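Have a look at the structure below, then the notes.
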Amino acid sequence: MAKDFPTRAENYAQWYQDLVIKADLAENSAVRGCMVIKPYGYAIWEKMQAVLDRKFKETGHSNAYFPLFIPKSFFSKEASHVEGFAKECAIVTHYRLKNAEDGNGVVVDPEAKLEEELIIRPTSETIIWNTYRGWIQSYRDLPILVNQWANVVRWEMRTRLFLRTAEFLWQEGHTAHATKEEAIEETKRMLDVYADFVENTMAVPVYKGVKTANERFAGALDTYCIEAMMQDGKALQAGTSHFLGQNFAKAFDVKFTGKDGKQDFVWATSWGVSTRLMGALVMAHSDDDGLVLPPKLAPIQVVIVPIHKNDEQLAAITVVANKIVDELKKLGISVKYDDRDTHKPGWKFSEYEFKGVPVRVAIGPRDLENGTVEVARRDTKEKSVMQLTDLTLKISHLLDHIQDNLYKKALTFREENTHHADSYDEFKKKIEQGGFVMAHWDGTTETELKIKEETKATIRCIPLNAKKEKGKCIFSGNDSEQRVIFAQAY
RNA sequence: CGGGGUGUAGCGUAGUCCGGUUAUCGCGCAUGGUUUGGGACCAUGAGGUCGCAGGUUCGAAUCCUGCCACCCCGACCA
């Protein structure tokens, strides 16, 4: 495995890029801006999907699937929605190719122009609300709680593996409700689901908050979000949940008759997380020696490496190793016994370290004599010799400890890099140093944009559950009710 | 989409300014042997449309034109 990639301190962006590629998570494809997610990376995504999908179902949602293509006319029905996405849409204009007349390959058949062009979905609100119109007549049809796992396309100028690609994978939940209160409740419920997932499964602490008007989703009344801090101090939006009000119901004429016999427009929410979470995962935990994966998402949680001088020793080690494998599997732990003779143990150690496998077990001749194994953990690099007695239980606990430790480490890092600022000078200085800066803001878009222009920092969110604290806006000096989170962001 | 940079074997590179036999070196790969508690060693070998397409020239990795891809910085965004 390559050692020739920069440390985080030397070049954070390059470190990330190299790590994603060299750890076999993903690579650039022949299509500009699009990535190939490789098996090891996809395995992590599948684990994320499995946990999230279970949580969605536990909160009453069902999966469905809507088309990749959206008629262009649907898009223009919700004004702010079009405005938000118009500049980054891929459009299908034709439906047939023909052989080129000069015999060189194929060309678009001009005869096969579509009457109405199709947009490749950048998100599915429009096609879904157009569909919901047919599903909803009465309050008895509500709520509709649907999620879809899908790919979407946003034609980005500048892309980075996982963090921003032209095509990405995600899930989008789209719900319909009879009342405003119920829709807002749903919006917040799903925000909590995301926060719980990112903190407990990904081991990444987040702030829950509301976006400012400026950062709001195109077509939403309120956008709730979770914001995480990466190791370079920048913020990364890890998930969003939108309260859409009646905007899409009005745009697509989706009404229902209430118990009182009166008609009203339906209330909506949408919420999503994407393969961007993969980027967050890498940037939150990994180090200069490679990936560090939280046990709950690691495709391989435990790897066993035999150390032997000859076939007899290997055979004896294999007996012990297989027993450990069986016991770990019974505990639901994914384990790999790597008895390949094509690589030396040292090579394997480095390889699995680079791939972020949380726990490594090495078994050699000395261990056979003593009834022990050597256990190494990836997060701290600590090694210890353990007795075979109760080994699998100890490993199981160790995995839990690693999961906890990663979260605590990330939390400590975030706390150490979160500062308060009470004047604009102090603010600029602290933003320069990186990290989050909690500061008072007067609530206007003008102030927000000016601060962004001068410092590159944006308001990541107005945190929920933060203590109210009167103060003066660092920029304008006007009154403010609470501090908001400023940071440079991905 | 604007500014800058890079493109030579799977990866990293020398050579490019100043054109000249068979394109350099390391890693990796294959085969054989010795090895195996932190990326082993020796020997032999395979692997190249020098990003692509034109052009200049007796001759192009090298000079010229156009294009493509990727990286960094900006604008835009999850």
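Protein chains get the first letters and strands the later ones, always in sequence-line order, with residue 1 at the start of each. The model shown is predicted, which means the values in this text are computed figures rather than measured ones.
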Exercise. Base, sugar-phosphate, or nothing: which does A:L163 touch, judged by heavy atoms less than 4.0 Å apart?
Worked result: base
For this session: For A:F217, report the nucleic acid contact type (base, sugar-phosphate, nothing); a contact means any heavy atom under 4.0 Å.
Result: nothing
For this session: Flag the pair A:M278 / A:I44 as yes when at least one side-chain heavy-atom distance between them is below 4.5 Å, and no otherwise.
Result: yes
Problem set entry | Secondary structure string for RNA chain B (Watson-Crick or G-U under 3.5 angstrom, | for other-strand pairs) | ((((((((.[[[..)....(....]]].((((((.....)))))).....[[[[[..)....]]]]])))))))....
Exercise. Contact class for A:K456 (heavy atom, under 4.0 Å): base, sugar-phosphate, or nothing?
Worked result: sugar-phosphate
Problem set entry | Partner of A:N214 under side-chain contact (heavy atoms from CB on, under 4.5 Å), chosen from A:T458, A:T444, A:T445 | A:T445
Seminar exercise, completed: Contact check, residues 277-292 of chain A vs RNA chain B, heavy-atom distance under 4.0 Å, returns none
Exercise. When all nucleic acid strands are considered with a 4.0 Å heavy-atom cut-off, which category describes A:R360: base, sugar-phosphate, or nothing?
Worked result: base
Exercise. Going by atom types only, do A:T372 and A:D367 share a side-chain donor-acceptor pair under 3.5 Å?
Worked result: yes
Seminar exercise, completed: Which of A:E374, A:K348, A:R377, A:R378 passes side-chain contact (heavy atoms from CB on, under 4.5 Å) with A:R360? It is A:E374
Exercise. Once each nucleotide of nucleotides 26-37 of chain B is scored for protein heavy atoms under 4.0 Å, what B/S/- sequence comes out, 5' to 3'?
Worked result: ----------BB
For this session: Look at A:R8 together with A:D287 and state whether they make a salt bridge at an N to O cut-off of under 4.0 Å.
Result: no
For this session: Not counting sequence neighbours, list each pair that qualifies as a side-chain hydrogen bond (donor to acceptor under 3.5 Å, both in side chains) and has a residue in residues 156-166 of chain A.
Result: none
For this session: Please round to the nearest 0.5 Å and tell me the distance separating atom NE2 of A:H285 and atom CD1 of A:I402.
Result: 12.0 Å
For this session: Check every strand shown and say whether A:E156 touches a base, only sugar-phosphate, or nothing at a heavy-atom separation below 4.0 Å.
Result: base
Problem set entry | Non-neighbouring partners of A:H174 that pass ring pair (Phe, Tyr, Trp, His ring centres under 6.0 Å), sequence neighbours left out | none
Exercise. Only one of A:K456, A:R460, A:E432 clears side-chain contact (heavy atoms from CB on, under 4.5 Å) with A:Q488; which?
Worked result: A:K456
For this session: Starting at the 5' end of nucleotides 67-72 of chain B, put B wherever the base has a protein heavy atom under 4.0 Å, S where only the sugar-phosphate does, and a dash everywhere else.
Result: --SSSS
Exercise. Which of these passes side-chain contact (heavy atoms from CB on, under 4.5 Å) with A:Y337: A:V302, A:I363, A:I317?
Worked result: A:I317
Problem set entry | Parallel, tilted or perpendicular: ring planes of A:W15 versus A:Y12, cut at 30 and 60 degrees | tilted
For this session: Would you tell me whether A:N11 and A:Y16 have side-chain atoms, one donor and one acceptor, within less than 3.5 Å of each other?
Result: no
